[in-house]
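Working notes, structure below.
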Amino acid sequence: MFDTDGDDADVQRRIEELRKQIRHHDVLYYVEARPVISDRQYDAMLRELQDLEAAHPSLVTSDSPTQRVGGAPIKTFVTVKHARPMLSLANTYTADEVRDFDRRVRDGLEGSAAAYVCELKYDGVAMSLTYRGGQLVLAATRGDGEQGDDVTQNVRTIRSVPLRVDADHEFEVRGEVYMLQADFEALNRDMEAAGEKPYANPRNLTAGSLKLKDPAEVAKRTMQFTAYYIDERTNAAATTHAQGLDRLHALGFPTSSAATVCSTIHDVMSFVDAWEAKRHDLPYAIDGIVIKVNDLRQQQELGFVARSPRWAIAYKYEALKAQTVLQDITLQVGRTGVVTPVAELAPTLLAGSTISRATLHNEDFVHELGLHIGDTVIIEKGGDVIPKVSAVVATMRPHGAEPWSMPHVCPCDHRSQLHRPEGEANWYCDDSSCPWQVRRRLQHFASRDAMDIDGLGERAVDQFVEAGLLRDVADIYALPQRADNVLALERWAPKSFERLVAGIEQSKQQPYSRVLFALGIRFVGEGVAKILARAFPTIDALTAATAEQLTAVSDIGDRIAECVIDWCSDVHNRALIERLQAAGLHMSAPAAAPSSQAFAGRTFVFTGELTTMTRRDAEELVESMGGKASGSVSAKTSYVVAGAAAGSKLAKAQSLGVPVLTEEEFRALVAEATA
Ligand code: IVH
């Protein structure tokens with residue numbers, strides 16, 4: 001070990017040497033996946049560097065391997081414009097569609113053949129990295145494709161992203177930030193233990209982690225990076241995409257070793273087929289294969305349509321399947337009293353996680369599948385990672401197995417009668433004091449999309465209900481005064497209590513529409529809550545509204561109106577509202593600036609993949625301008641806005657003669673109307 005008191009020139013030299021060594025071993029570890037020293041030897045070098053830098057703070061540089069986590073928490077993420085738009089890919093699902101793509105490519109190249117590069121389609125978050133003078137100067141998310149968020153501080157914590165490279169000119173690298181399945185599961189377990197809601201899949205957890213404000217927290221979430229594109233204007237030696245990947249690798253970026261040049265579309269399909277099975281053995285999730293024209297000149301010749309390149313396409317794999325045994329069907333009671341049958345399955349591994357339960361939606365779903373207890377069933381996982389029971393293997397039914405029938409009493413201690421309203425698929429428990437409903441209502445109220453109360457996860461709710469600290473959602477606002485009771489519970493310490501109190505306090509800032517959603521009124525989802533908040537800008541106006549007034553609002557039908565009136569006329573709920581109001585929650589909408597009514601009377605349908613905004617944002621934009629957004633095309637539709645890979649809705653619009661706009665044209669229309 002080097003003496004920290006050595007003279008400055010020696011110290012400087014030793015520091016440089018250690019940094020060089022550490023970078024070299026980082027590349028061997030993260031890029032080549034063949035470390036040549038032990039973790040212990042690596043840690044010793046890092047420790048020596050840390051000690052030297054601590055003793056000589058003037059010698060610390062931002063690209064030192066010790067400086068991955070630095071700086072104060074980020075206040076807000078700054079928006080940055082991409083040098084070139086970040087595009088998305090059109091999807092294909094069958095060999096025929098891939099052959100169509102090849103045909104379009106050859107037509108576009110006036111008959112010339114194209115070679116392709118096949119790559120794994122990592123299921124993560126797209127990232128753009130800019131290097132200048134050999135240093136990482138910017139990491140930006142894709143955002144709307146034109147501009148994204150500057151998340152440099154957070155991306156610096158990803159060990160496989162080089163902070164320093166051996167190239168002085170400016171260049172941009174694009175790739176995917178993702179998470180290993182094992183890291184995802186471990187983080188989710190920690191989050192659950194801390195009373196937080198676990199994430200549905202590694203992609204969501206990655207996206208959530210990149211948006212954390214404290215880089216020190218981000219550093220605790222182990223993420224990976226893989227590079228799949230390089231843009232070097234001044235040093236453009238590459239003439240093919242494959243050479244670009246080699247160049248990335250040589251610069252020290254992790255690239256996928258799976259990438260393969262295929263000279264025919266037949267070879268492309270062999271690659272796709274080979275990975276169909278092999279992908280389950282990967283330690284991370286891929287959701288398909290990306291197929292790219294290899295020759296960069298050909299890429300340029302082909303160009304783009306809307307926001308997708310003509311020279312690349314994604315092939316998406318089918319849902320994953322597994323076979324298991326249905327051991328039982330239990331009932332689950334939701335916050336609005338909906339009673340859902342749940343399949344209790346013999347635990348089985350499906351795409352890296354163990355599945356032991358799956359929703360069966362409702363009574364009819366169970367009967368349509370013809371489920372008997374003891375049946376062997378097929379379970380499937382789609383892109384959303386929520387498992388579902390898709391079929392029964394009838395030949396494997398055990399002798400004497402009985403078909404399942406829906407119980408007519410609630411599974412909770414109250415054993416209330418259930419009922420199924422005429423024309424509905426759901427059974428309901430109408431006992432609003434049903435202990436299961438109480439818990440679900442509280443959990444919903446505190447959840448991320450509702451009041452988003454930090455520190456009040458599902459486990460904490462269960463604990464507080466059991467301890468008699470929570471009976472309804474207004475009790476939450478009395479928790480800060482009950483420190484003694486909370487701290488007496490298992491797993492609660494002053495620090496976690498403090499966080500809960502801050503979370504509760506912060507939730508008081510949630511807007512009125514969120515409060516309406518959080519109340520958990522049947523059929524009042526996020527969208528309906530917003531509509532109601534706009535039409536009835538105070539809680540008093542809403543509770544006083546008649547069925548006629550409610551249904552006069554566009555998109556509010558009889559069913560919603562009836563549930564709102566039922567809920568509001570309940571004396572307990574009225575008292576609840578008063579207590580929430582007294583606690584300081586927003587019970588009215590802020591006086592809005594008069595919004596433009598430029599789109600009044602016009603109906604828009606959005607279809608295909610939009611790139612500069614989400615479909616939801618586009619719909620809200622239309623609504624904020626007095627227009628209506630609809631999901632289906634009819635002769636009454638004013639415009640269909642078609643993004644990439646638009647399908648049947650676009651065809652229908654064309655057949656009905658409904659005007660079709662591109663995303664750009666839509667934005668121009670908005671700009672014109674708001675000018
Ligand atoms: S190429 C124009 N290559 O998939 C080319 N994308 O919709 C655009 N992705 O936003 C990207 N693995 O986040 C490319 N090997 C790969 C990829 C990949 C994952 C993601 C990326 C992109 C989305 C495409």
Side-chain angles (χ1 to χ4, degrees), residues 1-2 14-53 60-70 119-120 122-125 127 129 131 134-136 139 152-167 173-187 202 205-206 209-210 215-216 218-230 244-259 281-286 352:
M1 172 100 56
F2 187 82
R14 179 62 183 156
I15 284 183
E16 293 293 342
E17 188 180 308
L18 283 165
R19 286 179 187 162
K20 211 169 137 196
Q21 287 276 333
I22 292 170
R23 273 181 207 124
H24 171 68
H25 290 294
D26 277 344
V27 170
L28 288 176
Y29 187 92
Y30 292 109
V31 181
E32 314 281 346
R34 51 175 188 95
V36 297
I37 57 170
S38 67
D39 288 1
R40 209 189 158 116
Q41 287 169 306
Y42 179 92
D43 290 342
M45 281 197 283
L46 196 64
R47 175 64 60 84
E48 187 185 345
L49 179 60
Q50 274 165 346
D51 290 347
L52 284 172
E53 289 181 349
V60 177
T61 58
S62 70
D63 62 359
S64 170
T66 59
Q67 302 300 304
R68 287 203 172 264
V69 188
E119 289 169 19
L120 305 186
Y122 287 77
D123 199 8
V125 176
M127 189 61 60
L129 307 176
Y131 288 80
Q135 312 233 19
L136 171 67
T152 316
Q153 293 265 66
N154 289 347
V155 168
R156 285 174 62 96
T157 68
I158 303 172
R159 301 295 299 258
S160 52
V161 170
L163 298 181
R164 195 187 167 85
V165 291
D166 216 2
V173 171
R174 289 180 183 174
E176 201 83 352
V177 176
Y178 63 100
M179 213 174 252
L180 299 181
Q181 185 69 28
D183 289 328
F184 162 69
E185 283 169 20
L187 276 166
L205 180 50
T206 305
S209 303
L210 288 169
V218 184
K220 293 184 197 155
R221 312 234 177 134
T222 310
M223 293 184 275
Q224 315 290 326
F225 179 71
T226 183
Y228 50 65
Y229 168 84
I230 182 162
L245 293 177
D246 289 343
R247 170 86 178 134
L248 282 165
H249 185 85
L251 282 168
F253 291 92
T255 51
S256 167
S257 57
D281 304 328
L282 290 167
Y284 47 83
I286 64 166

Determine the minimum heavy-atom distance between [X] and [Y], stating which atoms define it.
| X | Y | value |
| --- | --- | --- |
| Gly252 | Pro162 | O-CG, 3.5 Å |
| Ala227 | Thr255 | O-CG2, 3.6 Å |
| Pro65 | Leu49 | CD-CD2, 4.0 Å |
| Leu163 | Ser64 | CD1-O, 3.9 Å |

If you measure from [atom1] on [X] to [atom2] on [Y], what distance do you get to the nearest 0.5 Å?
| X | Y | atom1 | atom2 | answer |
| --- | --- | --- | --- | --- |
| Leu210 | Thr157 | CG | OG1 | 8.0 Å |
| Met127 | Thr206 | CE | OG1 | 9.5 Å |
| Arg68 | Gln153 | CZ | CD | 13.0 Å |
| Glu48 | Asp43 | CD | CG | 13.0 Å |
| Thr66 | Leu52 | OG1 | CG | 10.5 Å |

Beyond-backbone contact of [X] with [Y], side-chain heavy atoms, under 4.5 angstrom:
| X | Y | answer |
| --- | --- | --- |
| Gln135 | Ser62 | yes |
| Tyr178 | Pro202 | no |
| Thr226 | Leu120 | no |
| Leu129 | Leu136 | yes |
| Val165 | Phe253 | yes |
| Ile230 | Leu251 | yes |
| Arg156 | Pro215 | no |

### Query
For Glu176, which of Tyr228, Tyr284, Tyr122 qualifies under side chain to side chain donor-acceptor pair (under 3.5 Å)?
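It is Tyr228, the one option of Tyr228, Tyr284, Tyr122 that forms the side chain to side chain donor-acceptor pair (under 3.5 Å) with Glu176.
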
### Task
Run the numbers on Leu46 and Ile22 for side chain to side chain contact (heavy atoms under 4.5 Å, CB included), then give the verdict.
CA-CA 7 Å; Leu46 196 64; Ile22 292 170; 3.8 Å; yes

#### Entry: Arg19 and Thr61: side chain donor to acceptor below 3.5 Å
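Yes - a donor-acceptor pair under 3.5 Å links their side chains.
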
### Task
Would you tell me whether Glu17 and Gln21 have side-chain atoms, one donor and one acceptor, within less than 3.5 Å of each other?
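Judged by distance alone, the side chains do not pair up.
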
### Task
Check whether more than 12 heavy atoms from other residues, nucleotides or ligands sit under 6.0 Å from atom CG of Asp281, and answer yes or no.
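Enclosed.
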
### Task
Look only at the side chain of Glu185 and the backbone of Ala182, and say whether a donor-acceptor pair between them is shorter than 3.5 Å.
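No, the answer is negative, given that no donor and acceptor are paired below the 3.5 Å cut-off.
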
### Query
Run the side chain to side chain contact (heavy atoms under 4.5 Å, CB included) check on Asp183 and Gln224 step by step: do they pass?
CA-CA 10 Å; Asp183 289 328; Gln224 315 290 326; 4.0 Å; yes

Output side-chain donor-acceptor pairs under 3.5 Å for residues 23-35, partner residues at least two apart or in another chain, one line each.
| from | atom 1 | to | atom 2 | distance (Å) |
| --- | --- | --- | --- | --- |
| Arg23 | NH2 | Asp63 | O | 3.0 |
| Asp26 | OD1 | Tyr42 | OH | 2.6 |
| Glu32 | OE2 | His249 | NE2 | 3.4 |

### Message
Using the rule given for side chain to side chain contact (heavy atoms under 4.5 Å, CB included), can you reason through Met223 versus Val218, listing the C-alpha separation, both sets of side-chain angles and the distance that settles it, and then say yes or no?
### Response
CA-CA 9 Å; Met223 293 184 275; Val218 184; 3.6 Å; yes

